[in-house]
Every structure is written in C-alpha cells, then in structure tokens.
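Here the structure is laid out as structure tokens; the discussion comes afterwards.
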Amino acid sequence: MTYLAKPKLHHPSLAKNRVGYTRRDYEGKVSTLCAGCGHDSVSSAIVQACWQLDIEPHRVAKLSGIGCSSKTPDYFLGASHGFNTVHGRMPSVLTGANLANRGLLYLGISGDGDSASIGLGQFAHAMRRGVRMVYIVENNGVYGLTKGQFSATADRGSVAKKGAVNHDAAIDLVSLALQLGATYVARGFSGDKAQLVPLIEGAIRHGGAAFIDVISPCVAFNNHAGSTRSYDYVREHNEAVSRIDFIDLAPEQTVGADEDLVCVPQHDGSTMRLRRVKPDYDATDRIAAMNQVQALHAAGEIATGLLYVDPEARDLHLGLNTVAWPLNTLGEAELCPGGEVLEKINAGLR
C-alpha cells in the first residue's frame with residue numbers, strides 16, 4: 001500500500017458526470033507498483049468505467065486478498081469502502097458484505113496466485129452461488145510480490161527467470177467460471193483499454209456473478225540476464241552497502257484497437273497470443289463459450305472479449321429470499337415481529 005495521496009486540488013474546468021464528480025474523484029493514492037505494470041492500467045479502466053456509468057464512489061465496496069493485484073484497490077476509488085482480507089479469502093468476505101447490504105456495488109480484486117491457488121475453493125463457491133459482484137483477476141502467471149514463482153495459471157512448460165520449468169497443468173479460471181455457473185464471463189488484456197473498459201461496464205450492470213480474467217503481464221521480469229542493472233546483478237553486488245531489491249522495469253505492453261490477434265512477448269522469451277472473439281459470436285450460449293475457449297487454447301491462443309452472458313441472471317439474494325434493505329436499517333419491529341408471526345412460521349413447517 002502507499003501513503004502518498006494525490007493532491008486534492010484539480011482544475012475547475014474538468015468535466016463532471018451526471019452525479020457531479022470529475023474523473024479525478026474516482027482515483028486513489030499514488031501507485032507503488034512497478035512502472036509499466038499492467039495492474040495500473042486495470043485500475044485506470046475501473047476508474048473510467050465507474051466515472052462513465054455515473055456511479056457514486058461512496059456506493060462502491062472494493063475487496064481484495066493478498067498480492068500485487070490486491071494492493072490495487074488503494075489506487076482507485078479512494079472515496080469508496082475498502083477491505084483487504086487475508087490470502088484467498090476475499091470471496092467469502094465479499095459474500096458476507098453483500099448479504100448484509102445489497103445496495104452497494106461490490107468489486108472483488110484478486111490475482112492468479114490469490115484466486116487460483118489458496119483461494120480456489122472460495123472462488124468456486126462465489127461463482128456457483130451467484131453473488132452479485134464484479135470479480136476481476138489480474139492474471140500474470142507468477143507471484144510477482146515474491147519475485148516470480150509460478151502461479152497455478154502458468155502454462156505447463158513455462159520457463160521461469162532462473163530457468164526452472166513449470167511441469168504442472170495450468171488452471172484456466174475462465175473455463176472454471178463457465179462450468180461453475182457464473183453468468184457473465186469475460187477475458188481482457190491490460191494493454192487493451194478499448195476492450196477492457198466496456199467489459200467492466202457490462203460487468204457492473206450485470207445482475208449476477210460477473211467474472212473478468214485480465215491478462216496483465218509482469219513487467220518486473222522482463223529484465224535481461226547479464227545486464228548490470230538487472231535484479232540478479234544488483235542483488236549480488238549490493239551486499240556490502242545494504243539489502244535492497246532492484247527491478248529493471250519494462251515498458252507497458254499495449255495493443256491497437258483494431259487488432260484481432262495480439263502477440264505479447266513474455267519474460268521467458270515465449271509469446272502469448274490473444275484472440276478477440278468475432279462479431280457474430282453468440283455470447284449467450286454457455287456450451288459454445290466453453291468450446292470456443294478450449295478450441296483456441298488447443299491452437300495456442302487465448303480468447304478475449306465477452307465470452308458468456310446470461311441476461312436473466314439470478315443472484316444470491318433471490319435464491320435466499322432475503323429482505324430488500326440493508327440489515328443495519330432494520331428496526332426492532334422487523335427483527336422481532338412477535339409471537340403470532342413465529343407461530344405462523346412454525347405452523348407452516350409442520
């Protein structure tokens with residue numbers, strides 16, 4: 001996290017949305033992530049989506065777990081409610097908050113290490129229960145905060161910075177979300193804001209569990225072996241002075257708005273191929289979505305865009321038949337309706 005707040009003053013001519021806020025009002029503190037990190041682009045896309053949809057910042061609750069991605073809620077929507085949970089436990093805390101107050105917009109921000117490893121069970125149950133939320137995973141295939149160990153989404157055969165080869169099968173969170181019953185499933189790329197902002201806006205407007213897997217390459221591991229400014233070199237030569245970590249930063253990876261196939265070079269020398277779905281793609285067919293994801297995966301490509309949406313989505317509150325108001329607004333009369341009501345309920349159970 002950072003304690004560096006941005007200046008509150010801004011130019012009086014900045015445009016305001018229909019609820020009276022400028023785009024600056026949706027920003028957070030100064031990011032301490034590596035320069036060029038795709039996660040900052042995701043934060044910027046969230047800011048733009050919420051501003052464009054005229055969402056009042058204080059009507060948003062943002063929750064996260066542990067990791068680089070889970071630091072990012074500090075960098076957007078500074079006037080919103082926020083809660084940073086322990087590793088992998090964000091979905092259950094978000095579910096509880098949602099049940100207590102359905103009147104807020106819930107943003108769950110997580111990473112591949114947070115959701116696909118220790119939090120996989122939490123992710124699965126949040127999807128199958130239909131918790132109304134926007135669940136964003138900033139997916140880079142590594143534990144960036146602890147210097148690049150493979151996460152559970154890393155492809156089998158991937159080569160780490162120090163030469164280790166990943167022999168484990170990768171977990172595809174999009175395929176899991178489709179199978180588990182999520183009613184809005186999409187995949188974006190942090191460097192493709194033109195695609196990502198509409199995906200986030202659609203997820204915010206969706207009435208059920210919305211999941212977006214955002215490919216966000218870790219630029220910290222793009223430094224070069226043998227460079228005198230590389231992480232390894234500096235670590236080996238700074239022992240006499242102090243114990244610091246140095247990361248040779250890389251430029252942020254972006255793409256043009258009209259590219260259907262995007263090739264993104266990775267730190268291990270391989271290339272990731274992102275394929276946008278075609279305009280005639282039927283996003284309301286769950287089976288077709290699963291087949292599309294698997295077919296492109298077999299071809300060495302990753303499907304991006306809105307992959308599946310159920311326009312008639314049901315959320316957890318509808319299934320549980322909960323009250324329509326936040327629990328803390330209920331008075332004694334609603335919480336303790338009296339003996340006659342209790343007798344009627346008991347009679348209905350006999």
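The first residue of the sequence shown is numbered 1, and numbering continues consecutively from there. Remember, it's a predicted structure, so these values are computed and weren't measured experimentally.
How far CG of L196 is from CD1 of I212: 6.5 Å, rounded to the nearest 0.5 Å. Of the inter-residue distances, the one linking L274 atom CG with E301 atom CD reads 9.0 Å to the nearest 0.5 angstrom. Atom CG of D172 is separated from atom CG of D213 by 7.0 Å, given to the nearest 0.5 angstrom. In this structure, the separation between CG on L318 and CG on L316 is 9.5 Å, given to the nearest 0.5 Å. Annotation: the span from Q195 atom CD to I200 atom CD1 amounts to 10.5 Å, rounded to 0.5 Å. Atom CG in L105 sits 10.0 Å away from atom CG in N98 (nearest 0.5 Å).
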Original post:
When you look at V293 and L178, which way does the side-chain contact (heavy atoms from CB on, under 4.5 Å) test go after all the steps?
Top reply: CA-CA 10 Å; V293 170; L178 287 168; 4.3 Å; yes
**OP:** Give the C-alpha distance, both sets of side-chain angles, the deciding distance and a yes or no for side chain to side chain donor-acceptor pair (under 3.5 Å) between T22 and D25.
**Re:** CA-CA 5 Å; T22 70; D25 295 320; 3.2 Å; yes
**OP:** For K62 and F76, run side-chain contact (heavy atoms from CB on, under 4.5 Å): C-alpha distance rounded to whole Å, both residues' side-chain angles, the deciding distance at 0.1 Å, then the answer.
**Re:** CA-CA 10 Å; K62 48 185 184 177; F76 60 82; 4.0 Å; yes
Original post:
salt bridge (Lys or Arg N to Asp or Glu O under 4.0 Å) between E201 and R205: does it pass, once the steps are laid out?
Top reply: CA-CA 6 Å; E201 290 179 334; R205 291 302 189 208; over 6 Å; no
**OP:** Take R102 and V323 through the side-chain contact (heavy atoms from CB on, under 4.5 Å) test and state the conclusion after the steps.
**Re:** CA-CA 9 Å; R102 64 164 73 181; V323 296; over 6 Å; no
Original post:
Stepwise, does the side-chain contact (heavy atoms from CB on, under 4.5 Å) test hold for I302 with L296?
Top reply: CA-CA 6 Å; I302 301 173; L296 289 179; over 6 Å; no
Original post:
Where do R132 and D315 land on the salt bridge (Lys or Arg N to Asp or Glu O under 4.0 Å) test, with the steps shown first?
Top reply: CA-CA 6 Å; R132 183 171 184 174; D315 81 334; 5.7 Å; no
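Under the 4.5 Å side-chain contact rule for hydrophobic residues, L53 and V19 share a cluster. Y75 and F83 are members of different hydrophobic clusters when ILVMFWY side chains are connected at heavy-atom separations under 4.5 Å. In the hydrophobic clustering of ILVMFWY residues, with side-chain heavy atoms under 4.5 Å counting as a link, L145 and L63 come out apart. When hydrophobic clusters are built by joining Ile, Leu, Val, Met, Phe, Trp and Tyr residues whose side-chain heavy atoms come closer than 4.5 Å, directly or via intermediates, V93 is not grouped with V60. Criterion: ILVMFWY side-chain heavy atoms under 4.5 Å apart, direct or through other members. Under it, L173 and V309 are not part of a common hydrophobic cluster.
Looking at every heavy atom in both residues, Y308 comes nearest to A289 through CB-CB, 4.1 Å. Closest heavy-atom contact between C68 and L33: O-CD2, 4.0 Å. Nearest approach of L199 to A186, heavy atoms of both residues: CD2-CB, 3.9 Å. In plain terms, the two heavy atoms of I215 and F189 that are nearest each other are O-CD1, 3.2 Å. Of all non-hydrogen atoms in G88 and Q122, the two that sit nearest each other are O-CG, 3.2 Å. In terms of heavy atoms, C50 sits closest to L77 at SG-CD1, 4.0 Å.
No donor-acceptor distance shorter than 3.5 angstrom exists from the side chain of R129 to the backbone of A209, with no hydrogens or angles considered. A donor-acceptor distance shorter than 3.5 angstrom exists from the side chain of E334 to the backbone of G331, with no hydrogens or angles considered. With T95 contributing its side chain and P91 its backbone, the two residues share a donor-acceptor pair below 3.5 Å. Side chain of H81 to backbone of Y106: no donor-acceptor contact under 3.5 angstrom is found. Put simply, the side chain of R89 gets close to the backbone of H87: a donor and an acceptor are under 3.5 Å apart. Between the side chain of T85 and the backbone N or O of M90, at least one donor-acceptor pair lies under 3.5 Å. Looking at Y21, its side chain never comes within 3.5 Å of a backbone N or O of E56 through a donor-acceptor pair. Looking at N84, its side chain does come within 3.5 Å of a backbone N or O of G65 through a donor-acceptor pair. The backbone N or O of A154 lies less than 3.5 Å from a partner atom in the side chain of N166, making a donor-acceptor pair. Formation of a donor-acceptor pair under 3.5 Å by the R59 side chain with backbone atoms of G103 is found in this model.
Side chain to side chain, Y26 and S80 fail the donor-acceptor criterion of an N or O pair below 3.5 Å. If you check the side chains of H39 and S69, you find no donor sitting under 3.5 Å from an acceptor. Side chains of N140 and S216: a donor-acceptor N/O pair is absent below 3.5 angstrom, by distance only. Under 3.5 Å, the side chains of E138 and S190 contain no donor-acceptor pair of N or O atoms.
In this structure the side chain of V42 never reaches within 4.5 angstrom of the side chain of T72, judged on heavy atoms. Residues E343 and E340 have side chains not in contact (no heavy-atom distance under 4.5 Å, counting atoms from C-beta outward). Contact of the N101 side chain with the N328 side chain is not registered, since no non-hydrogen atoms from C-beta on lie closer than 4.5 Å. S43 is not listed as a side-chain neighbour of V47, based on a closest heavy-atom distance of 4.5 Å or more. For the pair Q294/S175, a side-chain contact is recorded, criterion being any heavy-atom separation below 4.5 Å from C-beta on. Contact of the V185 side chain with the V174 side chain is registered, since non-hydrogen atoms from C-beta on lie closer than 4.5 Å. The closest side-chain heavy-atom distance from I46 to I109 is below 4.5 Å. With contacts defined as side-chain heavy-atom distances shorter than 4.5 Å, the pair I66/I118 does not qualify.
Y135 meets the ring pair (Phe, Tyr, Trp, His ring centres under 6.0 Å) test with F123, F211; sequence neighbours excluded. H206 pairs by the ring pair (Phe, Tyr, Trp, His ring centres under 6.0 Å) definition with Y184, not counting sequence neighbours.
Under the salt bridge (charged side-chain N to carboxylate O under 4.0 Å, His left out) criterion, no residue pair touches residues 109-125, with sequence neighbours excluded.
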